[in-house]
Amino acid sequence: SSALKVAVSNGKYYLRTVRPGSITQSVNPKRAYDLLYVAERLQAHLASLKLTGKERRAMLFLLPMIINNGLDVMADCQDKDTIDFNRQFSERRLYRCFLKSGNLRYFIEGIALSIFRYNPVRLYRMIKK
């Protein structure tokens with residue numbers, strides 16, 4: 001089933017405690033792959049729903065956030081771990097999510113990612129510095 005309404009807010013609704021060494025702070029390439037999978041499934045689900053208006057914009061804004069989280073994880077991984085991630089990113093053409101987001105920052109990032117589509121982790125590392 002699908003939600004009848006979707007909303008996006010910039011509000012802060014919870015406080016998170018970050019502990020060094022916790023599982024959420026450790027470098028885990030599987031987490032990055034899981035985020036790519038989630039983005040791909042969400043993209044397919046969005047296409048099947050034929051949403052319009054605010055709901056569509058909210059979903060299109062969410063996709064680049066998920067992908068950026070995966071890139072952030074991979075930026076801290078070893079180069080050997082990034083090879084397959086880069087391939088999957090390119091094959092799935094996930095940079096297109098940024099171009100469709102309706103957000104100027106994501107659009108610019110999408111252009112850069114389309115240029116670096118075969119090595120998005122390298123681009124993300126350069127941006128992150």
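Model, not experiment: these values are computed from the prediction.
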Which residue pairs pass the salt bridge (Lys or Arg N to Asp or Glu O under 4.0 Å) test when at least one of the two sits in [range], sequence neighbours left out?
range            : answer
residues 33-48   : Lys30-Asp34, Glu40-Arg92
residues 52-80   : Asp72-Lys128, Asp76-Lys128, Asp79-Arg125
residues 101-121 : none

Those residues that, when tested against [X], pass side chain to side chain donor-acceptor pair (under 3.5 Å) (two or more places apart):
X     : answer
Gln78 : none
Asp81 : none
Asn69 : none

Please say whether more than 12 non-hydrogen atoms of neighbouring residues, nucleotides or ligands are located less than 6.0 Å from CZ in Arg87. yes

For Leu46 and Met59 the tightest heavy-atom approach is CD1-CB, 3.7 Å

Closest heavy-atom pair, Asn28 versus Val73, reported as atoms and distance to 0.1 Å, is O-CG1, 3.4 Å

As an exercise, state the distance from CG of Asn103 to CG of Leu60, rounded to the nearest 0.5 Å. 11.0 Å

Calculate, to the nearest 0.5 Å, the distance between atoms OG and CG belonging to Ser101 and Leu62 respectively. 11.5 Å

Given side chains that start at C-beta, do those of Asn86 and Pro120 come closer than 4.5 Å, heavy atoms only? yes

Apart from Met65 itself, which Ile, Leu, Val, Met, Phe, Trp or Tyr residues share its cluster (side-chain heavy atoms under 4.5 Å, direct or through members)? Tyr33, Leu36, Phe61, Ile67, Leu71, Met74, Phe85, Phe89, Leu94, Tyr95, Phe98, Leu99, Tyr106, Phe107, Ile111, Leu113, Ile115, Phe116, Val121, Leu123, Tyr124, Met126, Ile127

Under the rule for salt bridge (Lys or Arg N to Asp or Glu O under 4.0 Å), what residues qualify as partners of Arg96, not counting sequence neighbours? none

